[in-house]
Structure formats: structure tokens, C-alpha cells
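Reading through the C-alpha cells given below for one structure.
In this text, all values refer to a predicted model and were calculated from it rather than measured experimentally. Note: hydrogens, waters and symmetry copies are ignored here, and every other heavy atom, side chains too, is used.
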Amino acid sequence: MSPTRWRILRLVAGVVLLAVVLAALDPAELWRALAGADLAVVLIAVVGLSAMHMVPAAGWRAMVHAVSGVAIPWPATLQLSYAAQAVGGVTPANLGGDVVRAAAVRAAGHGWSMTVLPILAQRATSYVALSALSVPALALLASQTSIASGVVVTGVAAAILVAVAASLLVAAPAPVRRIIGKRWPRFSPEAGAAHLPRRTLAMLAGIGLVSGLAFHAGSLALTWFLLAGVDPATATLPVLAALTVARLSLAVPLTPSGVGIQEAVVVALVASFSGPTEAVLAGLLLARLSLVLTTILGATMLATGRSGLGLSPSR
């Protein structure tokens, strides 16, 4: 199947799943929840969710500096990160965004350590951070519903699998480094992190975990805040736990940005403890506006050609 058809199929699958979720709820109640939302709260939350992407952007910049000593200018960091989000949102597992960043750094003449290593390390630690947040959420939901365990086990397993795979590439063993050097000679033959001191590896892990926790926790908090703007009764700890568990859908790249899957998981969890499903779904739909805003920003930067780094080639 061609990449274009695969992208269309993923989007259609997400839309269909979302339509199924909508059909299972009361449309009149859902509309009342949307119409009654506090516009000021919605605006603050949507802008805040879009701005939260600055956190992983800062983490990536710090990782690049840790492994190469090169400080990417802040304007270029933000421009490139939002441009990557525009592409990543329509590609499996946000890989398109990784390619955009890697290509921009590579175009400046830099090798593996600066081009790919920070991206892989960030991806691995981000999923570890998300899995860590899901553990207390599961503990909270355990007393509310019995269906959370299967969801969390599946999501955590997928997140850990991706994290382990990325970690193996970060610290690629000698045979893998030789294959990379042979198949992709533009990358340094020393591909991997084997040549880096342990202190640098520890810095990568620390930066990735801190920025990952801050990004996911901040995004969850803003979504919870948005739900409170739709209906204050929805802002409960079980609902926050359900949002956390559903966010694990990001580790299962079946649809763009987990569209449809995330909503279906949240609604199923909230319905299992008789929560306000329509109000929660209304909040999630409004939160999706941040994805639209982020994509518009990134697409604008791509269209205007303002996503380059402006770095001199490394020696």
C-alpha cells in the first residue's frame, strides 16, 4: 500500500471510530455541553495545549546541546518543532515530524549524534514518562472500574516496546552501527551512543524524562481544565485518570494523533463508572482544536520556509 493511501486509511479509520463513539451518545446532551462551554476557558486551554509543544522542543534542543555542544537558536527551535508537528500529525507515530527535524539538522552538515540520537532518546523517554504517569492513574481507576487494567496493560506494553526499540537504536551495538554505516553512509559510522560518556547518556535520559513528564502532565492538566470549562462536574480525579490512561493511545499509532481511539477509550472508561460521558467527549472535541491550531502554525512555517536552523556545518 502506498504511503498516501495508508495516511488516508488511518485518517478514515479515526473518523469512523469517532463517529461510532458519537453515535453511542446522546447528541442533544453533547450539543448542550458544547454550547454551554466557557469560551474564555476553552480559548486559554486550546492556546495552552498548542503552546505545550514548546516543552518537548526545549527538551530536544537541550539534548542536541548535550551530545554535540551546539546550541540551536530558540526561534529556529520553535519554528522547526512546530513545522515538524504539522507533518507528524498526519504520519504514523509522528515519524514525519522526526524526519523533518533530522533532515533540517542533517542539511546543516551534522552527523548522527546531533541528527538522530536526540530524537530517538526523546521518543524513548517520552513513552517511559507517559507509562509512568499511567501507573497511578490505573491505581485510582482500579477502585472505579475493572476495564482499565486491559487498556493500561496494552498501552504500557506498546509504549515500553517503542521505548526499548528506540533505546536500542540510541545505544546501538556494533553490528547495528555497521549496518547503519553501510546502508546510510551519510550518518557517521560511529552511529549510536556507544562513543558517548555515561554522563552524557545520563543527561539525555534526565532531560528526556523531565521534559516528557512536563509535557504529558501539562497537557493532561490543561485538558482537565478545559473539561471544567465545559462542565465543572466533570473535573474529577477519576476523569483525570481516564484521560491519562487514554493518552497511552499515542503509543499505538493506528490513527493520526490517536484521533478516535483516545476519545473511545475515555468514553468507555468514564461510562464504566457512570461518569458524564457527553460532557467529557465535548471537552475532548474542543481540545482537538489545539491540534488544528498547532498544524496551522507548523504548516505556515513550512510554507514560508521558516523552519531552517541557520547553523553552520560542524567540523
Exercise. So, does S81 use its side chain to make a donor-acceptor pair with the main chain of L78 at under 3.5 Å?
Worked result: no
For this session: To the nearest 0.5 angstrom, please state how far the CG atom of L49 sits from the CG atom of L289.
Result: 10.0 Å
Exercise. A279 and T234: which non-hydrogen atoms are nearest, and at how many Å?
Worked result: CB-CG2, 3.4 Å
Problem set entry | Nearest atoms (heavy-atom pairs only) where P27 meets L25 | CD-O, 3.1 Å
Exercise. How far apart are the closest heavy atoms of G59 and Q122, and which atoms are they?
Worked result: C-NE2, 4.0 Å
For this session: State, with a plain yes or no, whether a side-chain heavy atom of L243 is found less than 4.5 Å away from one of L284.
Result: yes
Exercise. Looking at residues at least two apart in the chain, or sitting in another chain, which of them share a side chain to side chain donor-acceptor pair (under 3.5 Å) with E278?
Worked result: none
Exercise. Pairs in or reaching into residues 31-51: which pass salt bridge (Lys or Arg N to Asp or Glu O under 4.0 Å), with residues at least two apart or in two chains?
Worked result: E29-R32
For this session: Could you walk me through whether R101 and I119 pass the side chain to side chain contact (heavy atoms under 4.5 Å, CB included) test, one step at a time?
Result: CA-CA 8 Å; R101 288 187 294 171; I119 293 174; 3.8 Å; yes
For this session: Look at the aromatic rings of H53 and Y82 and report parallel, tilted or perpendicular, splitting at 30° and 60°.
Result: perpendicular
Exercise. Same cluster or not: are I44 and V230 linked, directly or through other Ile, Leu, Val, Met, Phe, Trp or Tyr residues, by side-chain heavy atoms under 4.5 angstrom apart?
Worked result: no
Exercise. Out of curiosity, I207 CD1 to H65 NE2, how far, rounded to the nearest 0.5 Å?
Worked result: 9.5 Å
For this session: Please list, chain by chain and in numerical order, all residues satisfying side chain to side chain donor-acceptor pair (under 3.5 Å) with T294, sequence neighbours excluded.
Result: S50
Exercise. Which value, rounded to the nearest 0.5 Å, describes the distance between F215 atom CZ and M54 atom CE?
Worked result: 12.5 Å
For this session: Kindly give the heavy-atom pair with the smallest separation between V41 and G229, and that separation in Å.
Result: CG1-CA, 3.7 Å
For this session: Enter the distance from Q79:CD to I72:CD1 here, rounded to the nearest 0.5 Å.
Result: 12.0 Å
For this session: Rounded to the nearest 0.5 Å, what's the gap from CG on L30 to CG on L34? Could you check?
Result: 5.0 Å
For this session: Search all heavy atoms of P118 against all heavy atoms of V67 and return the closest pair with its distance.
Result: CG-CG2, 4.0 Å
For this session: Mind checking side chain to side chain donor-acceptor pair (under 3.5 Å) for S126 and listing every partner two or more places apart, or none if nothing turns up?
Result: H216
Exercise. Shortest non-hydrogen contact from A242 to V266?
Worked result: O-CG2, 4.0 Å
For this session: Check whether L237 and V245 end up in the same hydrophobic cluster, where Ile, Leu, Val, Met, Phe, Trp and Tyr are linked by side-chain heavy atoms less than 4.5 Å apart.
Result: yes
Problem set entry | Pairs where residues 16-52 contributes a residue and the test ring pair (Phe, Tyr, Trp, His ring centres under 6.0 Å) is met, not counting sequence neighbours | none
Exercise. For the atom pair CZ (R288) and CD (E263), what is the distance rounded to the nearest 0.5 Å?
Worked result: 4.0 Å
Side-chain donor-acceptor distances from residues 220-228 under 3.5 Å, at least two apart:
| unit_1 | atom_1 | unit_2 | atom_2 | d |
| --- | --- | --- | --- | --- |
| T223 | OG1 | S219 | O | 2.8 |
| W224 | NE1 | T236 | O | 3.2 |

Exercise. Just wondering, do L286 and V46 contact through their side chains at under 4.5 Å, heavy atoms?
Worked result: no
Exercise. Shared ILVMFWY cluster between L140 and V280, side chains joined below 4.5 angstrom?
Worked result: yes
